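Shown next, in structure tokens, is the structure this report addresses.
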Amino acid sequence: MLESCYRPLERCFGGGGGGDCLLWHMDLKPHASGDYSIAVVQANSSLEDQGQVFTSPSATYVGVYDGHEFASEQGGLSEEVIRKAFDATEEEFLLLVKRSWLAQPEIISVGSCCLVGAITKDLLYVANLGDSRAVLGRQVSDGRMTNASMVVAERLSTDHNVAVEEVRKEVKALHPDDSHIVVLTRGVWRIKGIIQVSRSIGDVYLKKPEFDRDPIFQRYASPIPLKRAVVSAEPSILIRKLRPQDLFLIFASDGLWEQLTDEAAVDIVLKNPRAVRPCHPHYLCICVFVVATAGIEVGGIAKRLVRAAVEEAARKREMRYDDIKRIGKGIRRHFHDDITVIVIYLDQQQGSPNGRLKDHRPVDCTSAPVDIFSFNSDEGDTSSIRILPEQSY
């Protein structure tokens, strides 16, 4: 029964790709401080991005993972709790590697960027490993005109990517005895000529020299002489009080930011108002009920950002968007990366008890499918929909 109900509702509210078999999106849903929208486009043969939004009446948690890991922890939210969550995720993955690497030696080279956001009451927490990015759209007064205002982009996370000069300097300062810690390889700066990000979950072979020295690993890959870890799992954490001028947040993997500037992304969100999407008449009564109780309009701004990024990738190749969306996964990676986007509107700050979630189940989790192509090509398969138990948070 759940399977038969889910697909029509999902199509009604925007799930699926709208003509692009590698695009998935979910239109606006409520959270404690407003609405949110999520979209993912797949370029790799296996989707390497994941996006997730967890909501409750008192808090909203956002995760963008350019890889495979997820971290969260119960209890009062603080910088210490977030660091412990990242540490626990790193340690759990290390245990997994130790248990399975003899049978699957490639697992020691698996890693994930991890961008996590949390909103509780009027505080915003952003924690980041790698080069996914969080950007705030913030209204500011225009001093030149009375009662006029504009919206600016405020970056809330640090890109841990050695393409950034400051990050290269940081890595070199941590390894003064290694003149080849950062190498320019085929026009791209990489740590040891291998990886661009300086912080991640996993990538054990760049953190634990004992694995690199093992003969089993040396049969699997070329050894990399390490004296100590060259990649870190220490997150950058920002804590910020939300203000009435803060309008929305964009959490996205680097696939979006490779194509769009912070300012361009904020401008797209600002200029694309949320709008009602017409539903199939058979489900009209259900949709009207959901929209009425949520108090929201349905629109897919995250999908619009993904499309804008793909359009920019097409423009760089002197192609059209329609040309790129016909390219299959794997081959499509030559044109753009996997892209995950989550937009969080901040219409109702403070998490008031009179907020929108009062008419909804108290806990909800939206996760992108683990493989977009499979999800869109098999209408009857719900295996990629993950219902996560409340106690796991």
Side-chain angles (χ1 to χ4, degrees), residues 13-29 31 34-44 47-53 60 62-66 113 115 117 126 128 131-138 151-157 159 246-275 277 296-316 320-322 324-325 332 335-347 366-369 372 376:
F13 286 106
D20 186 346
C21 66
L22 293 176
L23 173 65
W24 174 90
H25 68 105
M26 185 65 67
D27 286 338
L28 291 180
K29 296 180 69 175
H31 71 101
D35 307 321
Y36 72 91
S37 175
I38 180 171
V40 182
V41 67
Q42 180 176 350
N44 289 289
L47 180 64
E48 296 178 0
D49 278 12
Q50 268 301 299
Q52 192 167 55
V53 179
T60 302
V62 181
V64 173
Y65 321 106
D66 193 350
C113 298
L115 172 64
V126 176
N128 187 50
D131 53 7
S132 295
R133 188 183 301 168
V135 173
L136 170 72
R138 176 170 56 88
V151 176
V152 298
E154 179 181 332
R155 190 178 300 187
L156 302 179
S157 59
D159 289 357
D246 300 335
L247 303 181
F248 53 82
L249 297 159
I250 305 170
F251 293 84
S253 61
D254 65 321
L256 181 80
W257 308 114
E258 287 173 357
Q259 309 298 339
L260 300 178
T261 64
D262 299 3
E263 293 75 17
V266 164
D267 194 53
I268 288 169
V269 176
L270 187 66
K271 291 181 177 178
N272 285 269
R274 288 165 280 182
R277 177 185 293 275
I296 64 173
E297 294 179 326
V298 180
I301 187 59
K303 177 187 175 184
R304 183 67 191 88
L305 281 170
V306 167
R307 173 158 181 161
V310 177
E311 286 174 342
E312 177 60 18
R315 186 195 65 79
K316 291 175 181 176
R320 299 175 304 168
Y321 171 77
D322 286 346
I324 279 193
K325 76 178 186 181
R332 189 153 164 176
F335 298 86
H336 65 82
D337 199 356
D338 296 334
I339 303 172
T340 293
V341 177
I342 299 172
V343 177
I344 304 288
Y345 287 102
L346 301 170
D347 300 320
T366 299
S367 298
I372 307 301
N376 285 338

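Note that this is a predicted model, so its numbers are computed, not measured. Along the sequence shown, residues carry numbers from 1.
Residues Asn272 and Tyr345 share a closest heavy-atom pair of O-OH, 4.3 Å. Residues Trp24 and Ser367 share a closest heavy-atom pair of CH2-O, 4.1 Å. Smallest separation of non-hydrogen atoms from Val266 and Ala153: CG2-CB, 3.6 Å. Residues Pro369 and Gln50 come closest through the heavy atom pair O-NE2, 2.9 Å. Closest approach of Tyr65 to Leu115, counting heavy atoms only: CE2-O, 4.4 Å. Closest approach of Gly117 to Phe251, counting heavy atoms only: CA-CE2, 3.8 Å.
Summarising the geometry, atom CD1 belonging to Ile344 is positioned 13.0 Å from atom CD1 belonging to Ile301; distances are rounded to the nearest 0.5 Å. If you take CG on Leu256 and CG on Asp49, they are separated by 10.5 Å, rounding to the nearest 0.5 Å. In this structure, CD on Gln52 lies 9.0 Å from OG1 on Thr366, to the nearest 0.5 angstrom. The distance from atom CZ of Arg307 to atom NE2 of His25, rounded to the nearest 0.5 Å, is 11.0 Å. Between Ser157 atom OG and Leu136 atom CG the span is 11.5 Å, to the nearest 0.5 Å. Between His31 atom NE2 and Tyr36 atom OH the span is 9.0 Å, to the nearest 0.5 Å.
Every residue meeting the salt bridge (charged side-chain N to carboxylate O under 4.0 Å, His left out) condition with Asp337, not counting sequence neighbours, appears here in chain and number order: Arg333. Shown here are the salt bridge (charged side-chain N to carboxylate O under 4.0 Å, His left out) partners of Arg155, two or more places apart in sequence or in another chain: Asp159, Asp262. Listed by chain and number, the residues in a side chain to side chain donor-acceptor pair (under 3.5 Å) with Asn128 amount to none (sequence neighbours excluded). Residues passing the side chain to side chain contact (heavy atoms under 4.5 Å, CB included) test with Arg332 are Asp20, Leu22, Val41, Ala43, Val310, Ile324, Lys325, Ile327, His336, sequence neighbours excluded. Taking the side chain to side chain donor-acceptor pair (under 3.5 Å) definition, one finds that Glu312 meets it with Arg315, sequence neighbours left out. With sequence neighbours excluded, the residues satisfying salt bridge (charged side-chain N to carboxylate O under 4.0 Å, His left out) with Glu154 are Arg138, Arg240.
No donor-acceptor distance shorter than 3.5 angstrom exists from the side chain of Asp254 to the backbone of Asp131, with no hydrogens or angles considered. A donor-acceptor pair is defined here as one N or O able to donate and one able to accept, closer than 3.5 Å; no such pair exists between the side chain of Glu258 and the backbone of Leu260. Looking at Ser37, its side chain never comes within 3.5 Å of a backbone N or O of Gly300 through a donor-acceptor pair. For the pair Thr340 (side chain) and Val64 (backbone), a donor-acceptor distance under 3.5 Å is absent.
In this structure the side chain of Leu249 never reaches within 4.5 angstrom of the side chain of Val62, judged on heavy atoms. Counting only heavy atoms from C-beta outward, the side chains of Val40 and Asp338 never approach each other to under 4.5 Å.
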Discussion item. Checking Leu305 against Val269 for the side-chain contact (heavy atoms from CB on, under 4.5 Å) test, could you report, in this order, the C-alpha distance in whole Å, the side-chain angles of both residues, the deciding distance, and whether it holds?
Written reply: CA-CA 8 Å; Leu305 281 170; Val269 176; 3.8 Å; yes
